[in-house]
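Values below: all heavy atoms of this structure, side chains included; hydrogens, waters and symmetry mates excluded.
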Amino acid sequence: MTNNDQDRSIMEIATGDEGGDRPPGPIRDPLDETTGGIGNDPSLAELIAVRDHAPALNIVAREAKRCIDEAQRLPFGLEQTKEDRMAQVGLQIVGLSCAAIVAIWPTDTIEDADAKRALARETQPHYGDTDYEVAPMLSAENASRMRLHRAAFDVGALVVPPGPAVPAPFDRGLAAWPLSRFDLVDAVPLAGGSATLGGHGIARWGAFVEAYPDLTTLVDRFSAMIAIADRLTMIANRDGQGSTPIRRAAEGARILAYLAAARAAIWPAMRHSPDAEAKLRLVALINDRACRFDPLHRQAAIRHLVSEANWIAKSFRLGATLELDPDWIPIV
């Protein structure tokens, strides 16, 4: 990253920037963009299209890491201005939103599995490794966070072949020998020095945070899409033969539901506000899905996002923003 490309080097998905001399446009929420403007009463064809047109998860994973890295490079401490802090919050929101897309989407291909596993490696919590002879020094809370993170990025029953071959005796280029088919460290090298965002970039990310979604509407959307998914699943189970399109549509509705839930989980809410009430309602709804049709990795993804969003809440309005530590029904 350099100061010359600071507005186009971060979150191409969210900005829609294509380079050139055009001034960069406003930053958009990737979770909102992914749904393609589908309303709460979609047709069967729209739901099937959602299921059959997955985003390129390797690109989304790369953008997640880019935003998370840049958020960590922005200044911390008392000297941080409000504008700096809001830009940092914006980067955290978009980075976590991209991670949510990678976690929630089904694993259809080896490339999808590689993207999920690569982002899981880069975002996994670290609490210190121990030898096998030593009992792990983990609190129950941290152990739960680790299990939810692993479950959220699980690639399912797909058999993933081994990575690149090890070097042969006469191979060269060992300094850059690939460790896996898709490595986010290679795709997004660590950048040192000061943050690359200048005044204009800070303002753009601050404006993104100001475009705050209605969390009540998002939780209502989750309920509406889940109701559609459950109804279509029952219809498919009843009809048996020829139910494949119905099952694909049900899966599309579940994807839309969990994308809406992810967005509601990530964005911060002020205490005692309607948004805070919506978040608490979302927790109850996700708990209710513990024994339903929904894939385990999606349920784990929302629980993981709720925990990670607490860091965004601290940056947004420390002490005045709702932080959640729900009493989840154990699923992993």
Side-chain angles (χ1 to χ4, degrees), residues 1-40 50 53 55-57 59-75 80-102 104 188 191 194-218 221 256 259-270 273 275 278 305 308-309 311-313 315-317 321:
M1 298 181 186
T2 65
N3 286 327
N4 292 331
D5 65 356
Q6 59 188 342
D7 286 319
R8 294 188 176 90
S9 64
I10 301 172
M11 210 37 231
E12 296 170 359
I13 294 173
T15 61
D17 297 337
E18 300 175 354
D21 296 328
R22 269 192 317 107
I27 294 165
R28 301 189 295 270
D29 191 324
L31 283 167
D32 187 35
E33 290 295 305
T34 304
T35 62
I38 296 176
N40 285 352
V50 169
H53 294 84
L57 296 189
I59 296 177
V60 181
R62 183 194 68 188
E63 299 307 319
K65 186 174 187 300
R66 292 168 78 175
C67 287
I68 292 169
D69 286 352
E70 191 66 14
Q72 292 174 345
R73 296 176 66 201
L74 283 173
Q80 189 181 43
T81 66
K82 179 182 177 181
E83 290 75 18
D84 290 339
R85 193 174 71 253
M86 289 302 101
Q88 189 177 59
V89 167
L91 286 161
Q92 289 173 319
I93 289 173
V94 173
L96 196 54
S97 296
C98 287
I101 293 171
V102 174
I104 288 170
V188 188
S194 302
T196 60
L197 290 176
H200 181 64
I202 292 288
R204 287 179 68 221
W205 283 97
F208 166 73
V209 177
E210 291 176 2
Y212 195 90
D214 185 340
L215 302 193
T216 299
T217 299
L218 291 175
R221 180 175 175 82
L256 291 174
L259 291 176
R263 201 173 174 211
I266 291 169
W267 280 84
M270 303 303 293
S273 68
D275 286 331
L305 293 170
E308 292 300 301
W311 296 105
I312 296 174
S315 299
F316 188 68
R317 298 279 192 280
T321 315

Please examine the side chains of R221 and L256, heavy atoms only from C-beta on, and report whether any two atoms are closer than 4.5 Å.
yes
Step-by-step side-chain contact (heavy atoms from CB on, under 4.5 Å) determination, D32 to L259
CA-CA 8 Å; D32 187 35; L259 291 176; over 6 Å; no
Looking at CG of L305 and CD1 of I104, how far apart are the two atoms once the value is rounded to the nearest 0.5 Å?
6.5 Å
For P26 and R204, the nearest pair of non-hydrogen atoms, with its separation, is C-NH2, 4.4 Å
Please examine the side chains of W205 and V89, heavy atoms only from C-beta on, and report whether any two atoms are closer than 4.5 Å.
no
Find out whether T34 and V60 are in side-chain contact, i.e. whether some heavy atom of one side chain is under 4.5 Å from a heavy atom of the other.
no
Residue pair A265 / A309: nearest heavy atoms and the distance that separates them:
O-CB, 3.2 Å
Which atoms form the tightest heavy-atom contact between L215 and A269, and what is the distance?
CD1-CB, 4.1 Å
Please round to the nearest 0.5 Å and tell me the distance separating atom CG of L91 and atom SG of C67.
5.5 Å
Does any donor atom in the side chain of D29 or W267 lie under 3.5 Å from an acceptor atom in the other side chain?
yes
List the atom of M86, the atom of V209, and the distance in Å for their closest heavy-atom pair.
O-CG2, 3.2 Å
Heavy atoms only: give me the nearest S315-Q92 pair and the separation to one decimal.
OG-OE1, 3.6 Å
Atom pair CD1/NZ of I202 and K82 - distance to nearest 0.5 Å:
14.0 Å
Indicate yes or no: at least one non-hydrogen side-chain atom of M270 is less than 4.5 angstrom from one of F316.
yes
Output, in order, the C-alpha distance, side-chain angles, deciding distance and verdict of side-chain contact (heavy atoms from CB on, under 4.5 Å) for D275 and D214.
CA-CA 7 Å; D275 286 331; D214 185 340; 4.2 Å; yes
For the atom pair CD (E63) and CD1 (I101), what is the distance rounded to the nearest 0.5 Å?
11.0 Å
Gap separating the CD1 atom of I68 from the CZ atom of R73, nearest 0.5 angstrom
14.5 Å
With no hydrogens and no angle check, is any side-chain donor or acceptor of T35 less than 3.5 Å from a backbone partner on I38?
no
Are R263 and P213 packed together at the side-chain level, in the sense that at least one heavy-atom pair is separated by less than 4.5 angstrom?
yes
Ignoring hydrogens, what is the shortest heavy-atom contact between C98 and P30? Give both atom names and the distance.
SG-CG, 4.0 Å
